[in-house]
Amino acid sequence: QVQLVESGGGLVQAGGSLRLSCAADGRAFSNYAMGWFRQGPGKEREWVASIGWSGELTYYAEFVKGRFTISRDNSKNTVSLQMTSLKPEDTAVYYCAAGVVATARESDFGSWGQGTQVTVSS
């Protein structure tokens with residue numbers, strides 16, 4: 001298990017940008033695939049994006065393609081989610097997760113952060 005702490009959430013107007021970060025406690029961080037998930041009010045948690053251990057492979061949910069970018073810095077044990085052109089429907093608690101493979105399945109991720117709130121006003 002790896003400990004994860006998200007930061008960077010907040011309130012932003014529609015069309016604006018935010019950058020979320022997730023810091024890991026350094027336990028072989030570069031061995032993990034990383035993912036971002038979100039849970040909007042009254043909704044199930046859903047996958048947003050994933051990145052492989054080296055950072056070369058990235059995957060995105062259709063609803064964020066072209067707007068969000070996932071990246072990682074293995075020297076700093078961090079993974080980030082750059083969010084642009086935000087919409088009110090992007091309002092959610094955003095979670096980062098660590099797992100063995102970069103997929104869209106929650107069950108493939110064994111370590112989770114506490115989440116950070118993103119609120120997009122119209």
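In this text the structure is predicted, and so the values were computed from the model without any measurement.
Listed by first then second residue, pairs satisfying side-chain hydrogen bond (donor to acceptor under 3.5 Å, both in side chains) with a partner in residues 48-58 read W47-S50, not counting sequence neighbours. Here salt bridge (Lys or Arg N to Asp or Glu O under 4.0 Å) pairs that include residues 92-107, with residues two or more places apart or in two chains, are R45-E106, R105-D108.
Distance check: S30 OG to D73 CG gives 11.5 Å after rounding to the nearest 0.5 Å. With rounding to the nearest 0.5 Å, the separation of CD in Q82 from OG in S21 is 9.0 Å. Separating the CE atom in M83 from the OH atom in Y94 is a distance of 5.5 Å, to the nearest 0.5 Å. We find the OG-NZ distance between S122 and K87 to be 14.0 Å, quoted to the nearest 0.5 Å. To the nearest 0.5 Å, atom CZ of residue F68 and atom CH2 of residue W36 are 11.0 Å apart. For the atom pair OG1 of T78 and CE of M34, the computed distance is 9.0 Å after rounding to the nearest 0.5 Å.
Considering every non-hydrogen atom in both F29 and V79, the closest pair reads CZ-N, 4.2 Å. For A98 against Y32, the heavy-atom pair with the smallest separation is CB-CD2, 3.9 Å. L86 and L18 make their closest contact through CD1-N, 3.8 Å (heavy atoms, listed as atom of the first residue, atom of the second, distance). Here the closest heavy-atom approach between residue G52 and residue A102 is recorded as N-CB, 3.9 Å. Across every non-hydrogen atom of R38 and V64, the tightest pair is NH1-CG1, 4.4 Å. Taking both residues in full, the closest heavy atoms of L4 and A24 are given as CD2-CB, 3.7 Å, listed atom of the first, atom of the second, then distance.
When the side chains of ILVMFWY residues are joined at heavy-atom separations under 4.5 Å, either directly or via intervening members, L20 and F63 end up in a single hydrophobic cluster. L81 and V12 fall within the same hydrophobic cluster, where Ile, Leu, Val, Met, Phe, Trp and Tyr residues are linked whenever their side-chain heavy atoms come under 4.5 Å apart, directly or through other members.
Using modelled atom types, one side-chain atom of T91 and one backbone atom of V120 make a donor-acceptor pair closer than 3.5 Å. Between the Y60 side chain and the I70 main chain, a donor and an acceptor come within less than 3.5 Å of each other. A distance-only check finds a donor-acceptor pair linking the side chain of T84 to the backbone of R67 [under 3.5 Å]. Here the side chain of E6 pairs a donor or acceptor atom with the backbone of C96 at under 3.5 angstrom.
The shortest distance between side-chain heavy atoms of S111 and V2 falls below 4.5 Å.
Between W112 and Y95, the ring-plane angle classifies as perpendicular under the 30° and 60° cut-offs.
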After noting the C-alpha distance and the side-chain angles of R19 and S80, does the key distance pass the side chain to side chain contact (heavy atoms under 4.5 Å, CB included) rule? CA-CA 7 Å; R19 185 177 181 87; S80 298; 3.5 Å; yes

